[in-house]
Amino acid sequence: MEIEGRVLDAALLELIESGGAVGASVLVYSGDHEIYFGAVGQADRESGRPWQRDTLAAIYSMTKPITGVTLMSLYEDGLFELDDPLAKYLPEYAEVKVFSGTDASGELLLEPPSRPIEVIDLLRHTAGFGYDWGDSPIALRMAEAGVLDPAKPLSQFSEELAEIPLFHHPGEQWKYGVAVDVQARLAEVLAGQPYETIVHERVLGPLGMTDTGYHVHASKRPRLAAVYNRYQDGAINREPNASVYSFWDKKPVQINGGHGLISTADDYMRFARMLQNGGTLDSVEILKPETVALMTRDQLPDTVTEWDFLKGKGQMGFGLDFAVRIAPPADANEPFGVEGEFFWDGAATTLFWVDPKNDITVVFLTQVFPFDLKIHAKVRRALYEALGLIDTTP
């Protein structure tokens with residue numbers, strides 16, 4: 001497939017010149033062939049270091065699909081079934097309660113779940129877990145407990161989380177949250193190994209993702225991209241290194257499934273291409289094709305009545321740790337995509353997607369808060385225009 005690279009070049013340059021980001025890159029494959037790479041701006045504005053091909057970036061929630069693949073490799077080993085109760089393996093969730101409101105004095109009202117949490121609920125964000133964002137009483141309880149404290153092992157995280165009520169009954173809502181961190185703990189129990197060992201042995205190592213991990217060695221620190229925060233007045237300020245996990249001097253004790261990996265465009269592309277190829281890359285099988293197919297089709301049950309922010313991304317369903325496009329864009333304001341694509345993104349506006357219909361795989365890296373879907377929309381449209389797959393005739 002041929003690509004008009006100048007279209008993408010211009011879109012990336014405009015992103016930097018307009019103040020949307022400090023630095024960014026896009027890597028595109030068609031089948032097994034690279035058809036585009038572009039990098040613009042700076043990885044570290046303060047030192048004047050340019051964004052390059054080997055720049056290391058904190059990928060935040062783009063960690064989640066890697067965790068899903070890791071857990072599903074244990075599924076292929078016959079260690080669990082998707083409809084198994086979570087408490088079968090993590091007994092701390094046997095007596096979990098569901099938040100149903102507050103009484104006149106502000107005390108939480110709790111009730112038993114309408115059904116047990118199942119393993120599949122973790123993979124499709126229907127378990128009832130959330131994050132400690134906002135002013136919900138459950139979010140505040142999570143923040144107070146500090147369940148995501150990087151000094152706490154996953155075992156402690158899971159036990160403390162189980163003491164906090166669910167945001168909703170299992171299966172009733174798509175609620176973004178710490179379910180993928182629970183996946184990592186589940187993997188530990190199933191495999192009898194620390195999660196970091198499992199993900200390296202089953203995914204990162206076999207794929208040759210040598211630049212991807214939960215901690216950056218001192219020798220690689222000069223390749224790290226700084227993280228920037230863009231404010232409403234247009235100013236972009238650097239986040240302190242101490243607040244960005246990729247810059248931490250010590251590896252965290254809590255090796256998360258939902259965030260925490262640092263990677264490069266080429267490393268993450270190896271993961272994405274493996275998915276595009278149905279679970280195999282360079283003759284190394286990570287998952288069977290039928291497992292990848294299971295993960296990348298809509299798995300949300302009809303009982304789901306609320307979707308958090310998922311529908312804000314477009315005509316989306318959700319598979320097992322991937323958003324899945326179930327219909328073409330409703331209008332020109334929706335980020336462009338092709339029915340059947342699957343993807344996920346990260347808090348610092350990182351993104352990858354796989355388009356099986358057109359055999360296209362894309363990794364977009366930048367490091368800018370707050371998460372900006374408009375940037376993704378511009379990159380997506382520029383790519384499909386460059387491929388001649390969007391009619392730009394006036």
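Hydrogens, waters and symmetry mates play no part in the numbers below; they use all other heavy atoms, side chains included.
- No hydrogens or angles considered: a donor-acceptor pair under 3.5 Å links the side chains of Glu201 and Gln193.
- Between the side chains of His169 and Glu111, at least one donor N or O lies within less than 3.5 Å of an accepting N or O.
- A side-chain donor from one of Tyr36 and Asp9 sits under 3.5 Å from a side-chain acceptor of the other.
- Side-chain polar atoms of Ser158 and Tyr93 form a donor-acceptor pair below 3.5 angstrom.
- Pairing each heavy atom of Thr264 with each of Asp54, the nearest pair is CG2-O, 3.7 Å.
- Residues passing the salt bridge (Lys or Arg N to Asp or Glu O under 4.0 Å) test with Asp266, sequence neighbours excluded: Arg53.
- Both the sub-6.0 Å distance and the 45° axial angle are satisfied by Lys311 relative to the ring of Trp307.
- Using a cut-off of 4.0 Å between Lys/Arg side-chain N and Asp/Glu carboxylate O, Glu144 and Arg141 are scored as not salt-bridged.
- Panel note: side chain Glu76, backbone Lys288; a donor-acceptor pair is recorded below 3.5 Å.
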Show the atom names and distances, to 0.1 Å, of all donor-acceptor pairs under 3.5 Å that link a side chain in residues 334-349 to residues at least two apart or in another chain.
unit_1: Glu334; atom_1: OE1; unit_2: Gln315; atom_2: NE2; d: 2.9
unit_1: Glu334; atom_1: OE1; unit_2: Ala330; atom_2: N; d: 2.9
unit_1: Glu334; atom_1: OE2; unit_2: Gln315; atom_2: N; d: 3.0
unit_1: Glu334; atom_1: OE2; unit_2: Arg325; atom_2: NH1; d: 2.8
unit_1: Glu334; atom_1: OE2; unit_2: Arg325; atom_2: NH2; d: 2.9
unit_1: Glu341; atom_1: OE1; unit_2: Arg380; atom_2: NH1; d: 3.0
unit_1: Glu341; atom_1: OE2; unit_2: Arg380; atom_2: NH1; d: 3.2
unit_1: Glu341; atom_1: OE2; unit_2: Arg380; atom_2: NH2; d: 2.9
unit_1: Trp344; atom_1: NE1; unit_2: Tyr176; atom_2: OH; d: 2.9
unit_1: Asp345; atom_1: OD2; unit_2: Lys313; atom_2: NZ; d: 2.7
unit_1: Thr349; atom_1: OG1; unit_2: Val368; atom_2: O; d: 2.8
unit_1: Thr349; atom_1: OG1; unit_2: Asp372; atom_2: N; d: 3.3

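- The shortest non-hydrogen separation linking His200 to Thr212 is CE1-O, 3.8 Å.
- Side-chain atoms of Tyr195 and Thr67 form a donor-acceptor pair, as typed in the model, at a separation below 3.5 Å.
- Relative ring orientation between Tyr268 and Phe271 is described as perpendicular, the plane-to-plane angle rising above 60° on a 0-90° scale split at 30° and 60°.
- Ion pair Asp282/Arg270 flagged as a salt bridge, since at least one NZ, NE, NH1 or NH2 atom sits closer than 4.0 Å to an Asp/Glu carboxylate oxygen.
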